[in-house]
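Counting convention: from 1, in listed order, for ligands and their atoms alike. Being a predicted model, the structure only gives us computed values, none of them experimental. FYI, the numbering just counts along the sequence from 1.
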Amino acid sequence: MSREADPANAPETRWAWVEIDRRAIRSNTRAFKNLLDRSTKLMCVVKADAYGHGAVQCAKAMIASGADAFGVATVDEGIRLRQAGLSKPIVILAEPPIESAPLCAEFDLEPAAWHEDFALALGEAAAASGKVARYHVPVDTGMTRTGLWPADVVAFREAVSWHRGIECAGTFTHFATADVPRDWDFELQQQRFADTIRAIEDAGMDPGLVHCDNTAAMLLAPSTRCDMVRVGIGLYGLHPARSTEPLIDLRPAMSVRARITRVVEPPTGAGVSYGMTYRLSRANIQIATVPIGYADGYSRTLSNRAEVLVGGMRCRQVGNVCMDQLMFAVEVNRAREFGKTEPVHHGQVVTLMGEDGDQAISADELARLRGTINYEVTCDFGLRLEKVFL
Ligand SMILES: *Cc1c(COP(=O)(O)O)cnc(C)c1O
């Protein structure tokens, strides 16, 4: 039912929306949980508003299906989850500004920390309210993005370990090429991480929870799962690479729909949208408008390249995508062959991404056309469209 184009799902104020199928989120979360040993925790990564899917609603669905912890990118994202009543551990995956240390302590967020002054500020803030704040140490094993180089980890731990207001809850790294099977850089990163964990233990310290896997690594290299895995994209039903597709059954959770606001049948030669980059080459073509545009995440780079679904039929998007609208073409005769007496009509539901009848437009299809990855496609659709949770 939820996969059908249902006009009743449209929000009252706007004929364009994102549908989030929480059953898909739950089923994907369980699918990952089922692959893990009992001793391995599942961190659900819900940064960037759960990759555009709505962090609070998704996190609640994930808790019901076995989430042990959550990963976010910013302090604000963490606070929003706490204010919604979530009590599971929340890890901020990169070190936030030192000014935010009191908020991290107040809301029991577990930030990544790689500067001594940040870790000590966190400790001061926590101690002031009688708490012990937890932090995670990221190790830069080759991604060159965040954290400490392996050689500096023990010294960092020793430099902050005197503070009673903090404790190290985990040590982690992030792989740059986990989606490439048997990749040399991936193996080198694994080796450096294992050596770093051993060095921490040899120095007589506890690394806390050891975690390094994203979706791709946990599926392609099960031996690297350690104490916890950090799964993001897979929870939303999307694959990080073609190579993971045979390894787990996932259901995409996001669909993007709109209702037709206008249908016309212009004469041959008429132009469509800014710059008139599309012109009708003949008669019997309807041009339908839907109120969704690049400000909603339907990238302008899709102009004249993508397709949309209407009544189970694929139609070409035509003309430049505008900020708040886009147009598509319906060949009247083809639609008639398709068994439609009236090809398309005002108010009819159009699927920009998702399933309609036996057709589907995937985030991967749009990503390929845009020259990007499915992650960016769903994040972008989260920007302005109202989310309807099914
Ligand atoms: C985003 C992120 C993840 C999740 O990656 P996916 O590919 O979406 O599974 C895991 N760890 C870190 C540090 C991240 O930034």
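- Remark: distances from the non-hydrogen atoms of R145 to ligand 1 include one below 4.0 Å.
- With R230, K47, M218 as candidates, the residue nearest to atom 2 (C) of ligand 1 on a non-hydrogen basis is K47.
- Ligand-side atoms of ligand 1 in range of I233: 6 (P), 8 (O), 9 (O), range being under 4.0 angstrom from any heavy atom.
- In this structure, the side chain of R80 does not engage the main chain of D49 through any donor-acceptor pair within 3.5 Å.
- The backbone and the side chain of T215 each have at least one atom closer than 4.0 Å to an atom of ligand 1 (non-hydrogen atoms only).
- Among the atoms of A216, none of the N or O lies under 3.5 angstrom from an N or O of ligand 1.
- Every pair passing salt bridge (charged side-chain N to carboxylate O under 4.0 Å, His left out) that includes a residue from residues 167-178 is listed here, sequence neighbours excluded: R134-E167.
- With F381 as the partner, the side chain to side chain contact (heavy atoms under 4.5 Å, CB included) test is satisfied by one option alone out of L383, V377, T378: V377.
- The protein heavy-atom contact nearest to atom 13 (C) of ligand 1 is H174 ND1, 3.6 Å.
- For the residue pair D183 and T177, a side-chain donor N or O sits within less than 3.5 Å of a side-chain acceptor on the partner.
- Atom NZ of K41 sits in a sparse spot, with 12 or fewer heavy atoms from other residues, nucleotides or ligands closer than 6.0 Å.
- Closest to atom 5 (O) of ligand 1 among all protein heavy atoms lies N214 CB, 3.5 Å.
- By heavy-atom distance, the residue among Y236, F172, Y375, Y51 lying nearest atom 4 (C) of ligand 1 is Y51.
- Ion pairing between a basic and an acidic side chain is recognised when a charged N comes within 4.0 Å of a carboxylate O; K33 and D68 show such pairing.
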